[in-house]
> 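Pasting a structure here, questions to come.
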Amino acid sequence: MTEQIRVRFAPSPTGHLHIGGARTALFNYLYARRQNGVFVLRIEDTDAERSTDESVQMILHDLKWLGMTWDEGPEIGGPFGPYFQTQRLDLYREKLEFLLERGSAYYCFCSADTLEKKRELAMATGQQPKYDGTCRRLNPAEAKARVQAGEPYVVRLKIPDAGSTIIDDKIRGKMVFENSVLDDYVLSRTNGLPTYNFAAVVDDAAMKITHIIRGDDHISNTPRQIILYQALGEALPAFAHVPMILGSDKTRLSKRHGATSVGAYADEGFLPHTMVNYLALLGWAFDDKTTLFTPAQLIEKFSLKKVSKNPAVFDPAKLQWMNGVYIRQLPAEEYVARAVPFIIQAGLLHEPLSEEQRAWAGRVALLVKEHVKVFNELPRHVQYFFGETVELDDAAGEKLALAKERAELFKALHQKMSMLESFTHAGLEEMMKAFIAETQVKFGDLVHPLRAAVTGRANSPGIFEVLELLGKERAIKRLAAGLASVGINIAD
RNA sequence: GUCCCCAUCGUCUAGUGGCCUAGGACAUCGCCCUUUCACGGCGAUGGCGGGGGUUCGAAUCCCCCUGGGGACGCCA
């Protein structure tokens, strides 16, 4: 029996779940499922200033929305808990003691201000902005005394002066870093809380994480972390750095590029599986032709070997296309359940809805199922079904103007429609066919002005469906009003 | 500035020395279907950043250049 694969997604709760974070989570999730491993969720809330409980809730919510269930973590616990770093402070303290005692780490009393100035100076003069090692040379006993005297301090890791550290990355192969370019970074802050690099390594080791799959913006952290693993005497996990997601200008995806949070896409009316499928394709491909995958297929086909090395530009157009595909695949019932709330939200209908209203709204929404790519655009597709009258747009005006030359014909049509008993798709179609046969007019010549009058637009779903759902009364009224607007008076 | 990573159509990508006259998807354009729109079908435009090697043969291997990105926090 081989070692159980354990991976983790470790967000910091300083905001919503970001697209990039979601993709990282997804790759971890897929890898875990594919390998029959364990997907751990750990909250890295060691930044006291920025971490909020609200962010934790949003992240958990969005992860669940995407369908990524974790095997260990918040809300469910697990054998390696707790899963919030601020609840694991004793562990970090213990490890810190260990490093201090072994001389792998040391106290540093340099003030943040001084360091900041030195860093700026170094940057400005083209020097490498690394910690100059002032406190590394302090006598340990002396340092300890200063600590006991109450002087503020941080703890730094001693990086070997010589040698190099190699990352053997699952995706990129070997990457070599000279230790001399690394500096003695901070493990423990003045406030006693561990830094990211320290807490992450301690936890990954404690939680027996076997594969660290994360964005490649963490590559430069990796040699520092590897040295820490070694200082701690812990076995190294495997690393897999996935490429970043970029905006259209090829810089790191940010608000400038539009919505970056998973929640925002949910609100706009993207389907969770669309996000999952699309995100999976950002940096990963199965073969040369498959783009649509079911959740099960994603799990079955995912492999780190096929993750690409180059950064991927987030393309909203393709996301929208894919959402359209999945919307069209939705069973009618589910489609309606997702669509109607957007009609209400747009103010076209108001709660509470009667059963008839709800059913009718569902039928209306179903009419444009083929048209909708994102649910928030649904209201503008069906807007003319609501309200008594319509306003003609330019294209509709042109179509309606075509009726001018056939005033008598349209009057007759209005007459026929008024007298129609069964104002249904079938009834309307039957009437219309008879009318065409009788008048020898082309179907289109009749339909285009009719559609324009009744919807205010040059295009719509099939005219008979539209008429039926509009109802006889409104349809006739709108036709009369439309004809009147081009000088055809029904009463004449 | 230093270190690291990356480099195939506008975008996501397939490609691991001959199957490539470089394949697919989105986007764009055209045609068809059609009561319009959408869907769908068919087709077109469009790419191996540049230069050197290696090889009988390079998108594929090596080097240099260029370009892009990331990191350099008591953020994660």
Side-chain angles (χ1 to χ4, degrees), chain A residues 10-14 21 44-47 49-51 108 110-112 115-116 119 122-130 152-156 167 169 172 175-178 180-183 185-197 199-200 214-223 241 243-244 246 248 250-252 278 281-292 306 308-322 324-325 328 368-373 381 395-396 399 432 442-448 450-452 455 457-464:
Chain A
S12 67
T14 53
E44 309 218 325
D45 52 356
T46 55
D47 183 342
E49 257 102 80
R50 300 197 300 148
S51 297
C108 170
C110 298
S111 82
L115 258 21
E116 182 59 28
R119 193 158 33 234
M123 288 274 217
T125 58
Q127 306 288 305
Q128 214 191 324
K130 61 181 252 190
Y153 66 94
V154 299
V155 177
R156 290 181 182 273
I167 307 175
D169 194 272
R172 284 151 211 277
M175 293 179 276
V176 182
F177 291 76
E178 291 304 319
S180 60
V181 307
L182 272 22
D183 69 351
Y185 65 93
V186 173
L187 300 175
S188 175
R189 305 179 238 240
T190 309
N191 67 6
L193 289 176
T195 58
Y196 159 71
N197 276 126
R214 57 170 31 158
D216 71 12
D217 48 334
H218 282 285
I219 287 179
S220 50
N221 278 321
T222 308
H241 287 97
M244 302 220 314
L246 273 25
S248 50
K250 304 226 177 198
T251 61
R252 195 190 186 108
Y278 180 72
L281 258 24
L282 246 31
W284 173 83
F286 172 65
D287 60 14
D288 61 342
K289 41 198 57 149
T290 320
T291 52
L292 265 17
K306 306 222 85 181
S308 82
K309 290 197 271 249
N310 33 349
V313 173
F314 184 81
D315 179 11
K318 191 162 185 173
L319 212 217
Q320 285 184 13
W321 162 78
M322 192 177 282
V325 170
R328 273 173 253 132
V368 295
K369 191 180 179 199
E370 305 278 286
H371 293 72
V372 177
K373 287 197 163 63
H381 285 299
K399 295 287 185 196
M432 194 78 96
K442 280 202 298 196
F443 189 55
D445 292 341
L446 212 50
V447 167
H448 298 315
L450 173 59
R451 165 178 289 116
T455 67
R457 306 176 181 193
N459 49 52
S460 77
I463 191 68
F464 302 125

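Values in this document were obtained by computation on a predicted structure and should not be read as measured data. Only heavy atoms go into these numbers, but all of them, side chains included; no hydrogens, no water, no symmetry mates.
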> Please give, in whole Å, the distance from B:C26 P to A:Trp321 CH2?
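Distance check: A:Trp321 CH2 to B:C26 P gives 5 Å.
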> Using only side-chain N and O atoms of A:Arg328, determine if any of them is under 4.0 Å from OP1 or OP2 of B:G40.
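Result: yes.
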> How is A:Ala317 classified with respect to the nucleic acid when contacts are heavy atoms under 4.0 Å: base, sugar-phosphate, or nothing?
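A:Ala317: backbone/sugar contact only, no base atoms under 4.0 Å.
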> Please report the distance, rounded to the nearest Å, between CG in A:Leu246 and C1' in B:G68.
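Rounding to the nearest Å, CG of A:Leu246 and C1' of B:G68 are 9 Å apart.
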> Residues in salt bridge (charged side-chain N to carboxylate O under 4.0 Å, His left out) with A:Arg172, at least two apart?
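Scan of A:Arg172 (salt bridge (charged side-chain N to carboxylate O under 4.0 Å, His left out), adjacent residues dropped) gives A:Asp216.
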> So what does A:Val368 hit on the nucleic acid, given a heavy-atom distance under 4.0 Å: a base, only sugar-phosphate, or nothing?
nothing
> May I have the distance from A:Lys289 (atom NZ) to B:A25 (atom P), rounded to whole angstrom?
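For the pair A:Lys289 NZ and B:A25 P, the rounded distance is 9 Å.
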> Return the 5'-most residue of the pair A:Phe177, A:Val447 with respect to RNA chain B, ranking by each residue's nearest nucleotide.
A:Phe177
> Just the rounded figure in Å: distance from C1' of B:U2 to CG of A:Leu182.
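Going from A:Leu182 (CG) to B:U2 (C1'), I get 12 Å.
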> Taking NZ from A:Lys309 and C1' from B:U16, how many angstroms apart are they, rounded to a whole number?
10 Å
> Tell me whether the side-chain N/O atoms of A:Thr46 come closer than 4.0 Å to OP1 or OP2 in B:A76.
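A:Thr46 to B:A76 OP1/OP2: side-chain N or O found under 4.0 Å.
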> List the residues meeting side chain to side chain donor-acceptor pair (under 3.5 Å) with A:Tyr153, not counting sequence neighbours, and say none if there are none.
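Result, side chain to side chain donor-acceptor pair (under 3.5 Å) vs A:Tyr153: none returned.
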> Could you please name the partner base of B:G10, counting Watson-Crick and G-U wobble pairs only when both distances are under 3.5 Å?
B:C26
> To the closest 0.5 Å, what do you measure between CG (A:Leu282) and CG (A:Asp315)?
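Rounded to the nearest 0.5 Å, the CG-CG separation comes out at 9.0 Å.
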> Closest nucleotide of RNA chain B for A:Arg451 versus for A:Phe286: which of these residues is on the 5' side?
A:Phe286
> Taking the same atom, C1', in B:U36 and in B:G24, what whole-Å distance lies between them?
32 Å
> Mind checking the C1' distance from B:U28 to B:C20? Whole angstroms is fine.
25 Å
> So what does A:Thr251 hit on the nucleic acid, given a heavy-atom distance under 4.0 Å: a base, only sugar-phosphate, or nothing?
sugar-phosphate
> In the structure shown, which nucleotide is the Watson-Crick or G-U wobble counterpart of B:U21, with both distances under 3.5 Å?
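Because no pair has both required distances under 3.5 Å, B:U21 counts as unpaired.
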> Give the rounded distance in Å between these two atoms: NZ of A:Lys130 and P of B:C4.
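Roughly 14 Å, once rounded to whole Å.
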> Whole Å only: how far is the CD atom of A:Glu370 from the P atom of B:U36?
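Interatomic distance, CD of A:Glu370 to P of B:U36: 16 Å.
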> What nucleotide, of B:C5, B:C37, B:C74, holds the atom closest to the side chain of A:Thr195?
B:C74
> State which of B:A76, B:C74, B:C6 makes the closest approach to the side chain of A:Val154.
B:C74
> Just checking A:His381: base, sugar-phosphate only, or nothing, at a heavy-atom cut-off of under 4.0 Å?
nothing
> Could you give the distance separating B:G47 and B:U11 at their C1' atoms, to the nearest angstrom?
12 Å
> Can you name the residues that form a ring pair (Phe, Tyr, Trp, His ring centres under 6.0 Å) with A:Tyr196, not counting sequence neighbours?
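Partners of A:Tyr196 by the ring pair (Phe, Tyr, Trp, His ring centres under 6.0 Å) criterion, ordered by chain and then number, come out as A:His218.
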> Could you state the interatomic distance from CG (A:Leu193) to OG (A:Ser51), rounded to the nearest 0.5 Å?
9.5 Å
> Dump the pairs, protein N or O against N or O of nucleotides 11-13 of chain B, anything under 3.5 Å, distances to one decimal.
unit_1, atom_1, unit_2, atom_2, d
B:U11, OP1, A:Lys250, NZ, 3.1
B:C12, OP1, A:Val313, N, 3.0
B:C12, O2', A:Leu281, O, 2.8
B:U13, OP1, A:Gly283, N, 2.8

> With a 3.5 Å cut-off and just heavy-atom distances, do the side chain of A:Thr190 and the base of B:C74 make a donor-acceptor pair?
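It does, because a donor-acceptor pair links the side chain of A:Thr190 to the base of B:C74 below 3.5 Å.
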> Please pick, from B:C37, B:C74, B:U35, the nucleotide with the shortest atom-to-atom distance to any side-chain atom of A:His448.
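Nucleotide nearest to A:His448's side chain: B:U35.
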> What residues, two or more places apart in sequence or in another chain, satisfy side chain to side chain contact (heavy atoms under 4.5 Å, CB included) together with A:His448?
A:Lys399, A:Arg451
> Checking side-chain polar atoms at under 3.5 Å, does A:Asn310 have a donor or acceptor matched by the opposite partner on A:Ser308?
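The answer is yes; a qualifying pair exists.
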> For A:Arg119, check salt bridge (charged side-chain N to carboxylate O under 4.0 Å, His left out) against everything at least two apart and list the hits.
A:Glu116
> Contact class for A:Ile463 vs. all strands (heavy atom < 4.0 Å): base, sugar-phosphate, or nothing?
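A:Ile463: base contact, heavy atoms under 4.0 Å.
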> With a 4.0 Å cutoff (strictly under), does any side-chain N or O of A:Arg119 reach OP1 or OP2 of B:C74?
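Result: yes.
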> Is any side-chain N or O of A:Arg252 closer than 4.0 Å to OP1 or OP2 of B:A71?
yes
> Give one of base, sugar-phosphate or nothing for A:Asn221, where a contact means two heavy atoms less than 4.0 Å apart.
base
> When the distance from CD1 of A:Ile167 to C1' of B:C3 is rounded to whole Å, what number comes out?
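Taking CD1 of A:Ile167 and C1' of B:C3, I get 12 Å after rounding.
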> B:C72 pairs with which nucleotide, Watson-Crick or G-U wobble, both distances below 3.5 Å?
B:G1
> Would you mind pulling out the nucleotide paired to B:U55, Watson-Crick or G-U wobble, both distances under 3.5 Å?
none
> As a test of reading the structure: which of B:C37, B:C5, B:C74 is closest to the side chain of A:Arg172, going by heavy atoms?
B:C5
> Does the side chain to side chain contact (heavy atoms under 4.5 Å, CB included) test come out yes or no for A:Leu450 and A:Met432, once each step is laid out?
CA-CA 12 Å; A:Leu450 173 59; A:Met432 194 78 96; 3.6 Å; yes
> Heavy atoms under 4.0 Å, any strand shown: does A:Met322 hit a base, just sugar-phosphate, or nothing?
nothing
